[in-house]
Asks: 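This is the structure I want to talk about, given as structure tokens.
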Amino acid sequence: MKSETENQKPRISRQFVTLLVVCVTTFMLPLDYTIVSVALHDIQATIGASYTDLQWIINGYTLTFAVFLLTGGALSDLFGRRKIFMVGLVVFSLASLLCGIASDAFVLNVARAVQGIGAALMFSAALPLLVAEFEGPARARAFGIFGAVVGIGAALGPFLGGIIINALGWRWAFLVNVPVGVLMLALTLWKVAESRDPNARGMDWGGFATFTIAATSLVYTLISGNEQGWGSPVIMGSIVATVVFFALFVVAEKRHSYPMFDLSLFKNPTFVGASIPPLVLSISFWGIFLYFPTFYQGLLEYSPFEAGLAVLPFAVPLFIGGPLGAKLALKLPAHVLLSLGEALVGLGCLWMLVSHRDSTWVAFAGGSFLSGLGAGLINGEMTNVAMSVVPAERSGMASGINSTMRQVGIALGFAGLGAILAQVVTGDLSRAASGFGMRDINGKERELAATISTGDLQGAITSMPAEIRSNFAEIAKAGFFDGLHAILLVSAIIGLAGAIFTFVLIRKQSKAVAATKGEQIHGIAH
């Protein structure tokens, strides 16, 4: 007879399944905005999307993702993290299916917006599921793994997208989410435990409505400002709406007894300092990262697969930075580690400025590697520090705030940097029209700049009369490159400034690692 030990089958722990489900789904979410950066060329050719349409393919997802994160955090505290996570997973998977079969830009953008809602519900509930399942050193390790997976998922998007698009077409960049979503839903039903905040007392609908309008107005302003004119009545009205509704949002949160965004947290310098890195990284690293596939395909004429390979220097250090950051978090104070990561991102952007107009991807490899290393080091720790400030029962709200900073940063980064890029190209074209006597450019600067900024240089060139195409091609390429340098400089300044503010605001922590049971690795000094 077999012994009792021999008869026992290995059991899969609930902690393992919870971590697996959270990591796989959070891998999908950032992957879904970076993978599209490689697909934009093919999408434009297939469904005839305009420059604004292409901007909204990215920002429709990131905007609803950002807007619904706080609501998702509040809903998960109120109704249960597991339940909201599964609802988000279903919405995300169905919207991915709709994206994959979309026949025009309007349907694709609507599906992307719905996909962002599902992503927000999933993401805001995912971190509290980890908080409920892990504690002490195990929680720090889980967050380290989580941070690495999020970063790797985002960074591998262009590479995986290039492979998928070359082999199957751009639609499969979305359709691949469907079978993965079904599998993760089954695992969640099987093993993941439910948790909620017993003190939750209803939804903050006023806060949700005012934040949604304010954030949408802000992103719309950044996307449409260059095309419509920054002094136009529509853009000025959008700016006023942004300011007014952000003010109303503050009022609504102060009056609500259980706000989805607890503004009193901003009285804590540590929380403010920990909220800066996700915003900085989203603009200075991920905002830049989203434009490089377009640059490689448009200016250097790489294929989607070649562009995906060319941005691997952004991705590879994230494999190193995640585990290394988890180890450094046990030895370095939070303000030192977080500031170091932001500084490396800024210095990487400065390094990339040494490139010139004839540079290949090699000229950008060193700087992108340094930036990727900085982002990887702190992807997990910035979340850990922010969530350590609040009680565990309000972890859904803390997760929502921290993740909102990430997604708002990405939306602002892509839209804001895109506005700067388009403005620089417009300026170069205006100077060419007067300095080189190219009267055919007059009055078309903004339209041509929008086309060039999407990487469609050939489309802009072929729209010109045959006799000036050769000269115009040089001007268009120079404008695109000048625009890239401009947004690299802005990103460098933001990264270095963020490092300084984070270092000053987060109060110095003890280097001693808490070893007692139930204690978190990083006790925030109040």
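Reckoned from all heavy atoms, side chains included, excluding hydrogens, waters and symmetry mates. Here, residue 1 is the first one in the sequence, and each next residue gets the next number.
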Asks: Of all the heavy-atom pairs spanning V21 and T25, show the shortest one and how long it is.
Replies: O-OG1, 2.7 Å
Asks: Checking R112 side chain against I57 main chain: does a donor-acceptor pair fall under 3.5 Å?
Replies: yes
Asks: Out of curiosity, L421 CG to Q423 CD, how far, rounded to the nearest 0.5 Å?
Replies: 10.5 Å
Asks: Check I164 against A173 and note the closest heavy-atom contact, atom names and distance.
Replies: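 Reported closest heavy-atom pair: CG2-N, 3.8 Å.
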Asks: Before giving the answer on side chain to side chain contact (heavy atoms under 4.5 Å, CB included), spell out for Q115 and N177 the whole-Å C-alpha distance, their side-chain angles and the decisive distance to 0.1 Å.
Replies: CA-CA 11 Å; Q115 195 182 32; N177 293 329; 3.6 Å; yes
Asks: Hey, is the main chain of S303 close enough, under 3.5 Å, to the side chain of E306 for a donor-acceptor pair?
Replies: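 Yes; judged by distance alone, with no hydrogens or angles, the pair exists.
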Asks: So, for I420 and A486, which heavy atoms are closest and what is the spacing to 0.1 Å?
Replies: CG2-CB, 4.1 Å
Asks: Does some side-chain heavy atom of V311 sit less than 4.5 Å from a side-chain heavy atom of P293?
Replies: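 Yes, their side chains come closer than 4.5 Å.
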Asks: Within the structure provided, determine whether M28 and F92 are in side-chain contact (heavy-atom separation under 4.5 Å).
Replies: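 Result yes, sub-4.5 Å side-chain heavy-atom pair found.
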Asks: Under 6.0 Å between the ring centres of F314 and F369?
Replies: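 No, they do not, as the ring centres are separated by 6.0 Å or more.
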Asks: Any donor-acceptor pair under 3.5 Å linking the side chain of S339 with the backbone of V336?
Replies: no
Asks: CG of L377 to CG of L337: how many Å apart, nearest 0.5 Å?
Replies: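 Taking CG in L377 and CG in L337, the distance rounds to 6.5 Å.
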Asks: Mind checking whether Y291 and F295 have ring centres under 6.0 Å apart?
Replies: no
Asks: Distance from I487 atom CD1 to I283 atom CD1, nearest 0.5 Å?
Replies: 12.5 Å
Asks: Using modelled atom types only, decide if a donor and an acceptor are shared between the side chain of T242 and the backbone of L218 within a distance under 3.5 Å.
Replies: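 Side chain of T242 to backbone of L218: a pair is present.
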Asks: Given side chains that start at C-beta, do those of L121 and F85 come closer than 4.5 Å, heavy atoms only?
Replies: no
Asks: Once rounded to the nearest 0.5 Å, what's the spacing between atom CG of L344 and atom CG of L496?
Replies: 10.0 Å
Asks: With heavy-atom distances below 4.5 Å as the criterion, would you say the side chains of L309 and Y302 are in contact?
Replies: no
Asks: Can you tell me how far the CD1 atom of I213 sits from the CG atom of L248, to the nearest 0.5 Å?
Replies: 8.5 Å
Asks: When you measure from the side chain of T502 to the backbone N and O of A499, does any donor-acceptor pair fall under 3.5 Å?
Replies: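 No, the answer is negative, given that no donor and acceptor are paired below the 3.5 Å cut-off.
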Asks: Pairs of donor and acceptor atoms involving the side chains of residues 272-282, under 3.5 Å and at least two apart or interchain, shall be tabulated with distances.
Replies:
| residue | atom | partner | partner atom | Å |
| --- | --- | --- | --- | --- |
| S275 | OG | F271 | O | 2.8 |
| S282 | OG | P278 | O | 2.7 |
| S282 | OG | R406 | O | 2.6 |

Asks: Is the closest side-chain heavy-atom distance between F292 and M352 below 4.5 Å?
Replies: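 With C-beta onward as the side chain, the pair touches.
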Asks: Can you see which heavy atom on A492 is nearest to which on G346, and at what distance?
Replies: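 Closest approach of A492 to G346, heavy atoms only: CB-O, 3.5 Å.
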Asks: Indicate the atoms forming the closest heavy-atom contact of F305 with I163, along with that distance.
Replies: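 Nearest heavy atoms, F305 then I163: CE1-CG1, 3.6 Å.
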Asks: Once rounded to the nearest 0.5 Å, what's the spacing between atom CG of L19 and atom CG of L129?
Replies: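 Atom-to-atom, L19:CG and L129:CG are 11.0 Å apart.
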Asks: Evaluate whether atom CZ of F246 has more than 12 neighbouring non-hydrogen atoms of other residues, nucleotides or ligands under 6.0 angstrom away.
Replies: yes
Asks: Do the two ring centres, one from W361 and one from F364, sit under 6.0 Å apart?
Replies: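 No - the distance between ring centres of W361 and F364 does not fall below the 6.0 Å cut-off.
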Asks: Using ring centroids (six-membered ring only for Trp), state whether F245 and F249 fall under 6.0 Å.
Replies: no
Asks: Hey, does V244 have a side-chain heavy atom less than 4.5 Å from the side chain of V240?
Replies: yes
Asks: Can you name the side chain to side chain donor-acceptor pair (under 3.5 Å) partners of S355, sequence neighbours left out?
Replies: H485
Asks: Between I494 and E342, is there a side-chain heavy-atom distance shorter than 4.5 Å?
Replies: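 In short, these two side chains do not touch, never coming nearer than 4.5 Å.
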Asks: Closest approach of T64 and A120, non-hydrogen atoms and distance?
Replies: O-CB, 4.2 Å
Asks: Return the orientation label for the W170 and F174 ring planes: parallel under 30°, perpendicular over 60°, tilted otherwise.
Replies: perpendicular
Asks: Between S284 and S491, do the side chains contain a donor N or O and an acceptor N or O under 3.5 Å apart?
Replies: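 Judged by distance alone, the side chains do not pair up.
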